[in-house]
Amino acid sequence: MNEKIKFYNSLDLTLSEAENIFSNAVDDSKSLFHTPTLSTFINKKISSRTVVLREFNKEQRFLRFHTDSRSNKINQIIKQPSSAIHGYDPSLKIQIRLNGQIKIHQNDEISKNAWNQSREMSKICYSVSSSPGKEIIAPEGYDIIKEEIKIEDGYKNFAVILFKFDYLEFLFLKGAGHRRSSFDWSNGDLISNWLIP
Ligand SMILES: Cc1cc2nc3c(=O)[nH]c(=O)nc-3n(C[C@H](O)[C@H](O)[C@H](O)COP(=O)(O)O)c2cc1C
């Protein structure tokens, strides 16, 4: 049974498995890694939220996400770029944790390309009239009516989150034979280790 799981006793294949999971999750909305959790600092507190994975670059080790540039988290991330990603898919029985640093891109080549690649339905939410997270008296009146907006105007509120990771931890749950491993690039070259699950 375990022989069928190619990565089970191989660190190299475990890393490839993690990379494939994220690569496939970009276009597979059914993969739970399509919507991982991103944790960042808001002052001294940790704040976690679901985000949609838009790109995974294995060579440069980054994940791309999109967000509203008016969100409070933007300034907080610029101050404290250290952040983490978490995902778990019960159908795969795999948890992946990443640690890294975020760079925010707005009004530059990266944000322009990301915007141009986005579908209309993804662009629409950037036309909401005020900052996400702002307290309001009542929710009515903030729904976006497609006919009343110019979708391209949303670009001014659009930001790209580029999350570059230097640590990946992989956990595969399997009866009495779990497998846990770490992949660390923080000192330059990759150091891979098995860990006790
Ligand atoms: C399925 C799902 C996908 C989401 N995708 C994104 C996303 O790609 N970008 C984003 O900024 N927020 C996304 N959100 C909303 C965030 O989880 C969060 O509520 C929002 O960004 C406000 O978080 P903040 O207060 O930390 O700015 C998503 C929420 C869900 C439930």
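First listed ligand is number 1; within each ligand, the first listed atom is number 1. Values below: all heavy atoms of this structure, side chains included; hydrogens, waters and symmetry mates excluded.
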Task: Per atom 5 (N) of ligand 1, closest listed option by heavy atom (D68, T37, V52) - done: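 It is V52 whose heavy atom sits nearest to atom 5 (N) of ligand 1.
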TODO: Ignoring hydrogens, just give me the one of H66, H34, R70, Q76 whose non-hydrogen atom is nearest atom 10 (C) of ligand 1.
DONE: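 Going through H66, H34, R70, Q76 one by one, H66 has the nearest heavy atom to atom 10 (C) of ligand 1.
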Open item on the list: Strictly inside 4.0 angstrom of atom 19 (O) of ligand 1, do you find any protein heavy atom?
Closed with: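 So far as the 4.0 Å threshold goes, atom 19 (O) of ligand 1 is out of reach of every protein heavy atom.
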Task: Under 3.5 Å donor-acceptor, S10 side chain and F7 backbone - done: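 Not at all, since once roles are kept as given, no pair shorter than 3.5 Å links the two residues.
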Task: Check ion pair K30-D28 (N to O, under 4.0 angstrom) - done: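 So K30 does not pair with D28 through a salt bridge.
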Task: Electrostatic pair E120:K146 at N-O distance under 4.0 angstrom - done: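 Yes, this pair counts.
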- [ ] Give yes or no for whether the N/O distance cutoff of 3.5 Å, strictly under, is met between S47 and ligand 1.
- [x]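 Min N/O separation from ligand 1 is not below 3.5 Å for S47.
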- [ ] Find all atoms of ligand 1 within a distance of less than 4.0 Å from any non-hydrogen atom belonging to S71, and give their numbers and elements.
- [x]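 The list of qualifying atoms is 27 (O).
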Task: Heavy-atom closest pair, residues F165 and F163 - done: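 Smallest interatomic distance, heavy atoms only, reads CB-CE2, 3.6 Å.
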Protein contact to [atom] [nearest heavy atom, distance to 0.1 Å]:
atom: atom 13 (C) of ligand 1; value: T50 O, 3.3 Å
atom: atom 24 (P) of ligand 1; value: K73 NZ, 3.6 Å
atom: atom 11 (O) of ligand 1; value: T67 OG1, 2.6 Å

TODO: Start with the C-alpha gap between Y155 and S111, add the side-chain angles, then the distance that decides, and say whether side-chain hydrogen bond (donor to acceptor under 3.5 Å, both in side chains) holds.
DONE: CA-CA 9 Å; Y155 180 64; S111 67; 2.8 Å; yes
Task: Distance under 6.0 Å and angle within 45° of ring axis: R64 vs F56 - done: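 No, a cation-pi geometry is absent between R64 and F56.
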